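Since this is a predicted model, take the numbers as computed values, not measurements.
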Amino acid sequence: MYSSMLSSANTMGQLQHQLDGISHNLANSDRTGYKRRESTFSDLLFQQVNNQPVPQNAAGRLTPEGLRVGTGAAIAQTSLQLDQGSILETDRELDFAITEEDSFFQVESMADADGDPEIQYTRDGSFYLSENPDNPGGWTLVNNQGDFLVNGDGERMDVPAGARDFTLQEDGTIEALLEDDEVVEIGQIELARITKPQLLEAAEGNNFRFPDLDELDLEQADVVEFVPGEENQLIQGSLEQSNVDMAKAVTDMMNAQRNYSFNARAISQGDQMMGLINSVRG
């Protein structure tokens with residue numbers, strides 16, 4: 001490919017990836033607890049193109065001895081942005097909103113490739129009662145994907161049949177009333193505070209997971225800390241909305257489309273110039 005077109009062609013492919021990311025953010029702008037991703041660019045390699053050497057007896061030249069020709073730009077990183085989304089009051093007992101940017105709910109998902117349970121992380125605090133497969137006749141708490149909310153010990157929360165009037169205590173413990181008005185403790189919500197959020201990978205739905213930490217020479221304690229869901233970290237009866245700024249996302253999309261158009265025009269003009277050169281007759 002001609003060097004005049006190489007830079008634009010490389011950049012267009014990367015701009016398409018940026019547009020895909022912006023489109024994904026816009027599509028999930030109404031999803032509870034969704035965290036947007038943003039792409040940053042960096043220059044690719046430059047090539048030094050030198051001119052013909054100047055004879056010793058020639059007059060001093062005024063132009064540079066060479067030209068640095070770039071090969072375009074590429075996405076350097078697609079980073080997860082954890083800034084807080086707005087809080088929406090729902091007045092629903094099993095809706096919980098996290099107020100700290102780097103904390104997540106822990107859920108047990110069956111999305112592992114081998115079918116084994118896997119602990120994943122989510123900001124979506126909308127939970128529901130579902131029949132407990134380990135305790136027929138009892139209930140447990142799940143999210144809208146069917147993943148089980150786990151307590152501080154990493155175990156599913158058992159909910160007795162007939163439980164009602166769920167209340168979040170100051171230490172993150174969920175309590176409920178039985179039919180005879182007896183108070184029963186369901187379990188304590190323990191939040192996962194992620195210390196290296198850029199290692200998180202998107203999992204099914206609105207969940208995140210960590211890659212194989214052994215391959216990265218890391219341990220779980222290096223990337224996550226577990227803290228009780230205390231009163232200043234959780235709000236009952238509310239949900240966190242996505243942190244996608246619609247106005248900014250649309251503006252970023254328009255800028256990316258404009259950059260794509262400019263690079264496409266550069267390729268077209270380069271092709272026209274090559275056509276003019278080829279049409280010259282000696």
Side-chain angles (χ1 to χ4, degrees), residues 11-42 73-92 94-107 109 111 120-128 142-147 149 189 191-211 223-224 229 232-262:
T11 304
M12 287 174 66
Q14 297 300 303
L15 285 170
Q16 183 61 59
H17 290 307
Q18 183 189 26
L19 283 169
D20 292 342
I22 296 173
S23 300
H24 190 266
N25 289 337
L26 288 171
N28 290 276
S29 59
D30 290 332
R31 171 170 281 190
T32 302
Y34 175 80
K35 297 300 177 183
R36 73 183 188 278
R37 289 184 178 271
E38 294 184 353
S39 300
T40 55
F41 285 80
S42 64
I75 293 179
Q77 183 183 32
T78 301
S79 58
L80 182 66
Q81 303 297 316
L82 295 181
D83 46 294
Q84 184 74 31
S86 59
I87 302 299
L88 174 67
E89 292 187 10
T90 64
D91 294 327
R92 183 172 172 272
L94 295 180
D95 284 348
F96 305 97
I98 301 176
T99 59
E100 291 195 351
E101 295 182 357
D102 55 356
S103 298
F104 291 76
F105 294 105
Q106 300 178 80
V107 294
S109 174
Q120 297 181 355
Y121 309 95
T122 182
R123 294 280 295 193
D124 188 345
S126 181
F127 297 102
Y128 306 87
V142 300
N143 62 10
N144 55 14
Q145 299 175 185
D147 301 326
L149 177 67
I189 298 179
L191 300 178
R193 182 176 295 161
I194 307 299
T195 57
K196 296 183 183 299
Q198 300 310 324
L199 291 180
L200 289 173
E201 297 177 344
E204 184 177 357
N206 203 13
N207 293 356
F208 296 92
R209 66 157 66 96
F210 281 111
V223 297
V224 61
N232 60 340
Q233 297 171 326
L234 280 177
I235 302 176
Q236 187 179 18
S238 300
L239 290 175
E240 180 193 13
Q241 303 301 288
S242 75
N243 64 353
V244 177
D245 185 335
M246 292 288 290
K248 182 179 183 302
V250 172
T251 302
D252 290 343
M253 180 177 63
M254 294 174 62
N255 289 335
Q257 289 175 332
R258 188 172 300 172
N259 290 335
Y260 191 94
S261 177
F262 286 160

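We find the OG-CD distance between Ser42 and Gln77 to be 10.5 Å, quoted to the nearest 0.5 Å. With rounding to the nearest 0.5 angstrom, the CZ atom of Phe104 is 10.5 Å from the CG atom of Asn207. We find the CG-CD1 distance between Leu239 and Ile87 to be 8.5 Å, quoted to the nearest 0.5 Å. Rounded to the nearest 0.5 Å, atoms CD1 (Ile189) and CZ (Phe96) are 4.5 Å apart. Between the CG atom in Asn259 and the CZ atom in Phe41 there is a gap of 8.0 Å [rounded to 0.5 Å]. To the nearest 0.5 Å, the span separating CZ on Arg37 from CD on Gln18 amounts to 15.0 Å.
No donor-acceptor pair under 3.5 Å is formed between the side chain of Asp102 and the backbone N or O of Leu82. Side-chain atoms of Gln241 do not come within 3.5 Å of backbone N or O of Gly85 as any donor-acceptor pair. Although no hydrogens or angles enter the test, the distance criterion places no donor-acceptor pair under 3.5 Å between the side chain of Gln120 and the main chain of Arg209. Checking side-chain atoms of Asn25 against main-chain N and O of Val244 turns up no donor-acceptor pair under 3.5 Å. For the pair Thr78 (side chain) and Glu38 (backbone), a donor-acceptor distance under 3.5 Å is absent. In this structure, the side chain of Ser261 does not engage the main chain of Gln257 through any donor-acceptor pair within 3.5 Å.
Between the side chains of Ser79 and Gln81, a donor-acceptor pair is found at a separation under 3.5 Å. With hydrogens and angles left out, the side-chain atoms of Asn143 and Gln145 include no donor and acceptor closer than 3.5 Å.
For the salt bridge (charged side-chain N to carboxylate O under 4.0 Å, His left out) condition, no pair includes a residue of residues 18-30, sequence neighbours left out.
Between Lys248 and Asp245, none of the side-chain N atoms (NZ, or NE/NH1/NH2) sits under 4.0 Å from a carboxylate O, so this pair counts as no salt bridge. Under the 4.0 Å criterion applied to side-chain N and carboxylate O atoms, Glu101 and Lys35 are not assigned as salt-bridge partners.
Across all their heavy atoms, Pro197 and Leu80 have their closest contact at O-CD2, 4.1 Å. In this structure, Asn206 and Thr32 approach most closely via the heavy-atom pair ND2-O, 2.7 Å. The shortest heavy-atom contact between Val224 and Ala192 is CG2-CB, 3.6 Å. Minimum interatomic distance between Val107 and Leu149 (heavy atoms only, all atoms of both residues): CG1-CA, 4.3 Å. Closest of all the heavy-atom pairs between Pro211 and Leu199 is CD-O, 3.2 Å.
Within a 6.0 Å sphere centred on CD of Glu89, heavy atoms belonging to other residues, nucleotides or ligands number 12 at most.
For Phe127, the ring pair (Phe, Tyr, Trp, His ring centres under 6.0 Å) partners two or more places apart in sequence, or in a different chain, are Phe105. In this structure, the side chain to side chain contact (heavy atoms under 4.5 Å, CB included) partners of Thr11, at least two apart in sequence or on a different chain, are Ser7, Leu15, Ala73, Asn263.
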Test log, rule side chain to side chain contact (heavy atoms under 4.5 Å, CB included), inputs Ser126 and Arg92: CA-CA 9 Å; Ser126 181; Arg92 183 172 172 272; 3.8 Å; yes
From CA spacing to verdict: side chain to side chain contact (heavy atoms under 4.5 Å, CB included), Leu19, Met253: CA-CA 6 Å; Leu19 283 169; Met253 180 177 63; 4.0 Å; yes
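Ring-plane geometry between Tyr34 and His24 is classed as tilted, the angle between the planes lying from 30 to 60 degrees on a 0 to 90 degree scale.
Judged by a 6.0 Å distance limit and a 45° cone about the ring axis, Arg123 is not positioned over the six-membered ring of Phe208.
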